[in-house]
Peer 1: 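Pasting in a structure now, in structure tokens, and then I'll have a few things to ask.
Both counts, for ligands and for their atoms, begin at 1 and track the order of listing.
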Amino acid sequence: MHIHRLEKIWLGIGIAMLAIFLIVLGTMAFSMGMAPPSEHHHTIDPDKVSETAPFDKPGLTQTGDKRYEAVMVAYAFGYDPAEKMEVAAGSTVDFMVTSSDVVHGFSIVGTNVNMMIEPGEISHISYTFDKPGEYLLLCNEYCGTGHEYMATTIVVKQEARG
Ligand code: CUA
């Protein structure tokens, strides 16, 4: 069968276009698969939690007006920081939590905050504490003999009138 020279060229262009299209599609799918929808999905070495920033200095930091960041480490059997964290009523707390050993829970009683904390995984959740009071934060994943003692408290203080 004789194919005209011009037809050969067009055929070539068609094949090239298809190849480019498939490469672009494949690359996009691959890069999207590599980057999960949450940009906050990070992993760290669970054996080096105490040396990895920001978990080398767990604690509460004020990041803005009525905004705090709470960097916390769950371990058998407790949370770092161990002392009660205090925020003013109406404050939003951005929790950043990881585990240095096994899977733990991170549940704040009376709120919808409920996460599973996996070693090496950094879990994020934000919550606005509108009502003053003491909020119990506890582990709801069975993690060993001290599981039931694994808890801490967040104190939400009534705002000072000004
Ligand atoms: Cu930690 Cu249960």
Peer 1: With a 4.5 Å heavy-atom cut-off, do Met85 and Val87 have their side chains touching?
Peer 2: no

Peer 1: Taking atom 2 (Cu) of ligand 1 as the vertex, what is the angle from SG of Cys143 to O of Glu141, given to 10 degrees?
Peer 2: 110°

Peer 1: Is there a path of hydrophobic side-chain contacts, each under 4.5 Å between heavy atoms, that joins Tyr135 and Met150?
Peer 2: yes

Peer 1: Minimum heavy-atom separation for Glu121 and Thr98, please, with both atom names.
Peer 2: O-OG1, 2.9 Å

Peer 1: Between Tyr127 and Phe95, is the ring centroid distance below 6.0 Å?
Peer 2: no

Peer 1: Is atom 1 (Cu) of ligand 1 under 2.8 Å from any N, O or S atom of Cys139?
Peer 2: yes

Peer 1: What N, O or S atom of His147 is found closest to atom 2 (Cu) of ligand 1?
Peer 2: ND1

Peer 1: Flag His104 as yes if one of its N/O/S atoms falls below 2.8 Å of atom 2 (Cu) of ligand 1, otherwise no.
Peer 2: no

Peer 1: Is there a donor-acceptor contact under 3.5 Å linking the side chains of Asp56 and Ser50?
Peer 2: no

Peer 1: Looking at atom 1 (Cu) of ligand 1, is there an N, O or S atom belonging to Met150 that lies under 2.8 Å away from it?
Peer 2: yes

